[in-house]
Asks: 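Supplied in structure tokens, the structure appears directly below.
Chain letters run A, B, ... following the sequence lines, proteins first, then strands; residues in each count from 1.
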Amino acid sequence: MADRRSDSEDGARAKRQKMDVVDPKDNPYLAHMYEGPTDSDKSSPLAKLKRHQTTAALAKQAEDGDINPFSGKPFSSKYFSILKGRRDLPVHAQRDEFLKLYQQSQILVFVGETGSGKTTQIPQFVLYDDLPQSQRKMVACTQPRRVAAMSVAERVAAEMDVKLGEEVGYSIRFEDKTSSKTCLKYMTDGMLLREAMNDHNLARYSTLILDEAHERTMATDILMGLLKEVVARRPDLKVIIMSATLDAEKFQRYFNDAPLLAVPGRTHRVDIFYTPEPEQDYVEAAIRTVLQIHATEDEGDILVFLTGEEEIEDACRKIQMEGDEMIREADAGPLKVYPLYGSLPPHMQQRIFEPAPPPARPNARPGRKVIISTNIAETSLTIDGIVYVVDPGFSKQKIYNPRIRVESLLVSPISKASAQQRAGRAGRTRPGKCFRLYTEEAFKKELIEQTYPEILRSNLASTVLELKKLGIDDLVHFDLMDPPAPETLMRALEELNYLSCLDDDGNLTHLGRLASEFPLDPALAVMLISSPEFYCSNEILSIVSLLSVPNVFVRPASQRKRADEMKNLFAHPDGDHLSMLNVYHAFKSPVAQENPRQWCHDHFLSLRSLQSADNVRMQLLRIMEREELDMVSTPFDDKKYYENIRRALCAGFFMQVAKKEAQGKSVYSTIKDNQNVLLHPSTVLAHDAEWVLYHEFVLTTKNYIRTVTAIKPEWLLEIAPTYYDINSFPKGDIKSALMRAADRLSRKEKLRSEKRK
DNA sequence: ACAAGCGAA
């Protein structure tokens, strides 16, 4: 019932929104769409265009006119100079071919290599044929990353000579830059998925373009499955799947043999070199290769792929040292080395775009820039001027083990597709070279073709909840491009059932429906929704926000001791969740807010993380208020202030609990899975806690649990009685500890009832 | 005694 009501409300809201749309009839340039052509329409730039019958020549005429058909304003001179460049893009040569296929079929697979212009041009080709404003609909183009959605929208707005946010806009988390005039919207794939939850038919769109589909993000994969169903319900909806070449046929097959159009890219030749023998130590080999390139190869910058922050910082130091020595002893050109990884602050990331250093003196050997990067440079960031790529063939990849319900990062060999993508980075401005630090034999026989899509490597609890919210009840028969293992699906269903988000028949419960409203993992959402019952929703909201952003504690290698001292200022003896809350409260205090940047710097905290936690908090707060969940606190001087918070943590994370193996020992054992784990060295937990709740399981050289807080087994019995049904535990230490806790509870209860008498 | 690939809502 509740569901239907909220859906119809959303429908009404959508309708209201559409009422705001400027009536196309008021736009003289669109008038022909509503009435037969009259004399005055002959001057309209779109007058000759009939929906789904446009040819390249007709579209060009409209583009070459004096008046912008989408805004009704005269074209600027800048527009025409950009237009000239656009016509040189490879996609432009096949505009007619594209239009024909687009018009003929409901789904189209479009393959465009880098430099083809697909992301900017195809949506515009669609606009001039689909004329979405005539249907009071929009064209949307999805991107896997927020920055891409923003920057492409900005570029296309300039190309179309309109103001960003008007006819062309973008929509990402925290920012909706669209208006009632918008007919082309760039957005993240995750955002479109969110919209689909409230509008199962995606009714506001006439054409949906999924870009970078080859990246196979979780959101893209689910959207593809969903769109397969939506196109059957909506014959008027058109779908374009855009991908890099590699697995185009797989997309075609998946979409019932949809037609395919391939457009070549514009890149330069890259020569590939392999090592004759396998390398023992890829980091050492990478360093050696960089120095060799610097000594023997022509001018041109170098890009090296390594796997993580520590490895990269280490390699940077070594290369810089050796490079300086080469300059002194062999008169080599100057060498500048830059690290690049996601957690690097933006101004440090920007430095990779600095030009290579100049020669030491006129006519001396040219300088060279070396960038040592994670696979962030494989897809998210492109750097022009790279001529040499060093590819050791590894990256950190997420893997999921459903048996112990643990996601972890593992250094693994990359795929052939990844290797190709990396090599391509050398040929963006001129012919380049790629040095693969593995044998040709290994490339051919040992590397898999494609990296496994994320959906096969993840815990699916939040995905299953999303699918249920999307109205997909039969998960087993939902047509995904790569269906996950049944065990992974079972684990997710089980987890959601324990969280009371799904009932025993697998149907969404009231709690589950509420949880799906939050952009959070189910355990976090359940914890947040339950927090008013523990009189601490304000505090749990802060903790949830902090858990949703990168680590707030900064620990530079050179000042570890000082950073740890600062962290101890915020430490709470009962654990990390409470310490994070202390940090947040301190950050929001007037003293800190006077100069947040300085304050964070002084306290070894990440301003960026704290600000984004604040942002997330505001977004979540709005949802709490919308769903009428109370924002309450226990008074700070009440002795239950922290206990209430720790109890609320149990409401979401009762499945992530570990018990100490033996008094005085540091080894813990997880409940039910009986994994031996250690407290992560970063914890501030001060005392010898017998029971701890943890946020993350980290698998590195050892098994660690990170972000831990001390709890009591009595709370678990009270808060999650089904999961902690003592009869379901095998005989042993955990069972007897739980039985003792149950005894304590009943004694307490007895005392309490006697007191009442 | 030792610690974070990327991304999204």
Asks: Expressed in angstrom and rounded to an integer, what is the separation of Tyr452(A) atom OH from dG7(B) atom P?
Replies: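 Checked: the OH to P distance equals 24 Å.
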Asks: Over how many whole Å does the gap from Glu215(A) atom CD to dA8(B) atom C1' extend?
Replies: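 About 12 Å, once rounded to whole Å.
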Asks: Within the side chain of Lys398(A), is there an N or O that forms a donor-acceptor pair under 3.5 Å with the backbone of Glu407(A)?
Replies: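 The answer is no, because no donor-acceptor pair under 3.5 Å joins these two groups.
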Asks: Which one, dC2(B), dA9(B), dC6(B), comes nearest to the side chain of Arg194(A)?
Replies: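 Nearest to the side-chain atoms of Arg194(A), counting from C-beta on, is dA9(B).
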Asks: If I take atom CZ in residue Arg146(A) and atom P in nucleotide dG7(B), what distance separates them, rounded to the nearest angstrom?
Replies: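 About 10 Å, once rounded to whole Å.
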Asks: For His680(A) and dC2(B), give me the distance from atom NE2 to atom P, rounded to whole Å.
Replies: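 Answer to the nearest Å: 11 Å.
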Asks: Less than 4.0 angstrom from a charged side-chain N to a carboxylate O is my criterion; do Arg562(A) and Glu565(A) meet it?
Replies: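 Yes, Arg562(A) and Glu565(A) are salt-bridged.
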Asks: Please work out if Val411(A) contacts a base, only the sugar-phosphate, or nothing of the nucleic acid, heavy-atom cut-off 4.0 Å.
Replies: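 If one applies the 4.0 Å heavy-atom cut-off, Val411(A) turns out to touch nothing in the nucleic acid.
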Asks: With salt bridge (charged side-chain N to carboxylate O under 4.0 Å, His left out) as the rule and sequence neighbours excluded, what pairs involving residues 373-384 of chain A come up?
Replies: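 Qualifying pairs: Glu378(A)-Arg422(A), Asp384(A)-Arg428(A).
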Asks: Can you sort out which residues in residues 607-620 of chain A have a heavy atom within less than 4.0 Å of DNA chain B? Ascending by number, please.
Replies: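 Contacts with DNA chain B under 4.0 Å: none.
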Asks: Would you classify Gln397(A) as touching base, sugar-phosphate or nothing, given that sugar-phosphate means primed atoms plus P, OP1 and OP2, and contacts are heavy atoms under 4.0 Å?
Replies: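 The residue Gln397(A) makes no contact with any strand.
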Asks: Ignoring the backbone of Ile376(A), work out which of dC6(B), dC2(B), dA8(B) is nearest its side chain.
Replies: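 Looking only at side-chain atoms, Ile376(A) lies closest to dC6(B).
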Asks: dA9(B) phosphate, OP1 or OP2: any side-chain N/O from Ser548(A) under 4.0 angstrom?
Replies: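 Answer no for this pair, as no side-chain N or O of Ser548(A) is under 4.0 Å from OP1 or OP2.
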Asks: Base, sugar-phosphate or nothing for Leu409(A)? Non-hydrogen atoms, less than 4.0 Å.
Replies: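 The answer is base, as Leu409(A) lies within the cut-off (heavy atoms under 4.0 Å) of a base atom.
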Asks: Before accepting this row, confirm whether a basic side-chain N of the pair Lys318(A)/Asp314(A) lies closer than 4.0 Å to the acidic partner's carboxylate O.
Replies: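 Answer for the salt bridge query: yes.
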Asks: Answer with base, sugar-phosphate or nothing: what part of the nucleic acid does Thr188(A) contact at a heavy-atom distance below 4.0 Å?
Replies: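 Answer is sugar-phosphate: Thr188(A) comes under 4.0 Å of backbone atoms only.
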Asks: Is the distance between the ring centroids of Phe553(A) and Phe604(A) less than 6.0 Å?
Replies: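 That pair fails the under 6.0 Å test.
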Asks: On the side chain of Arg173(A), is there an atom forming a donor-acceptor pair with the base of dA9(B) - under 3.5 Å, no angle test?
Replies: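 Result: at least one qualifying N/O pair found.
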Asks: Determine the contact category for Thr307(A): base if any of its heavy atoms lies under 4.0 Å from a base atom, sugar-phosphate if only primed atoms, P, OP1 or OP2 are that close, otherwise nothing.
Replies: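 Touches sugar-phosphate only.
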Asks: Measure from CG on Asp564(A) to C1' on dA1(B) and round the result to the nearest Å.
Replies: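 In whole Å, dA1(B) C1' and Asp564(A) CG are 12 Å from each other.
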Asks: Let me know the distance between CE of Met187(A) and P of dG7(B), rounded to the nearest Å.
Replies: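 Checked: the CE to P distance equals 20 Å.
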Asks: Hey, is the side chain of Lys702(A) poking within less than 4.0 Å of OP1 or OP2 on dC2(B), counting only N and O atoms?
Replies: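 For dC2(B), OP1/OP2 do have a side-chain N/O of Lys702(A) under 4.0 Å.
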Asks: Which residues, if any, of residues 518-525 of chain A bring a heavy atom under 4.0 Å of DNA chain B?
Replies: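 The stretch gives Pro519(A), Leu520(A) as the residues lying under 4.0 Å from the strand, ordered by number.
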Asks: What is the separation between atom CG on Leu465(A) and atom P on dA8(B), rounded to the nearest whole Å?
Replies: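 The distance from CG of Leu465(A) to P of dA8(B) comes to 21 Å, rounded to the nearest Å.
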Asks: Between Asn401(A) and Arg405(A) (side chain of the first, backbone of the second, donor and acceptor by atom type, cut-off under 3.5 Å), is there such a pair?
Replies: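 It does not hold such a pair.
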Asks: Nearest of dA9(B), dC2(B), dG7(B) to any side-chain atom of Tyr704(A)?
Replies: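 Out of dA9(B), dC2(B), dG7(B), the nucleotide with an atom closest to Tyr704(A)'s side chain is dC2(B).
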Asks: Measure the distance from CE on Met191(A) to P on dA9(B) and round it to the nearest whole Å.
Replies: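 In whole Å, dA9(B) P and Met191(A) CE are 7 Å from each other.
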Asks: Given side chain to side chain contact (heavy atoms under 4.5 Å, CB included), test Phe570(A) with Met580(A) step by step and report yes or no.
Replies: CA-CA 8 Å; Phe570(A) 304 104; Met580(A) 287 165 79; over 6 Å; no
Asks: Do Leu685(A) and Thr709(A) have side chains that approach each other closer than 4.5 Å (heavy atoms only, starting at C-beta)?
Replies: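 No, too far: nothing below the 4.5 Å cut-off.
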Asks: With a 3.5 Å cut-off and no angle check, do the side chains of Tyr170(A) and Asp176(A) form a donor-acceptor pair?
Replies: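 Side chains of Tyr170(A) and Asp176(A): no pair found under 3.5 Å.
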Asks: Is it true that the side chains of Thr451(A) and Ser415(A) contain a donor and an acceptor less than 3.5 Å apart?
Replies: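 Yes, side-chain donor-acceptor contact under 3.5 Å.
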